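Here the structure comes first, spelled out in C-alpha cells, and everything after it is commentary.
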Amino acid sequence: MPDFARTGGTAVVVLVIAGGLLYTAVAVVYGLKRTDPSPSWFGFHEVFHALTIAAFTAHYTAIVLAVTVLSHPRLGAGMILRVAASSGERQPSSLTLRSR
C-alpha cells in the first residue's frame, strides 16, 4: 500500500480499499444468499454481479491511475523521477519519456 500511495496518491489507495470492501460484500451476499430486493426480477445473484462489477471497476480505475501517473511526466512521474534522482537513486531509463 505505501507504494500505491507514493506513486498513485490517495485516490489509488481509496479505490483499492473500496474494491476490497466491495468484494467482501460480494462474498457475504453470495454466501448468505440474501439481499433480494425484487426476487422475481433482481435477486441476490444479480446483486452479486452488480457488486462484482463495482469492485472490478474500482480496482481497474486504481490500476489505470497508478500506471498513468508512473508513465506520464505531466501527471507526476517527472516529479517522482526528479526526486529519486536528487536522492542519489539511479533514474530508470525505461521510464524516461520525451514530449513531442
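A quick note: this is a predicted structure, and the numbers were derived from the prediction, not measured.
One hydrophobic cluster, built from ILVMFWY side chains closer than 4.5 Å, cannot hold both V12 and V64; they sit in different ones. Note on W41: it clusters hydrophobically with V47, by side-chain heavy-atom contacts below 4.5 Å among ILVMFWY residues.
For the pair F42 and P37, the tightest heavy-atom approach, listed with the atom from each and the gap, is O-CD, 3.2 Å. For the pair T61 and T57, the tightest heavy-atom approach, listed with the atom from each and the gap, is OG1-O, 2.7 Å.
By the ring-ring contact (aromatic ring centres under 6.0 Å, His included) test, F56 is found to be paired with Y60, residues two or more places apart in sequence or in another chain being considered. Residues meeting the side chain to side chain donor-acceptor pair (under 3.5 Å) test with H45, sequence neighbours left out: H49.
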Indicate every side-chain donor-acceptor pair of residues 13-31 with a distance under 3.5 Å to a residue at least two apart or in another chain.
from, atom 1, to, atom 2, distance (Å)
T24, OG1, G20, O, 2.9

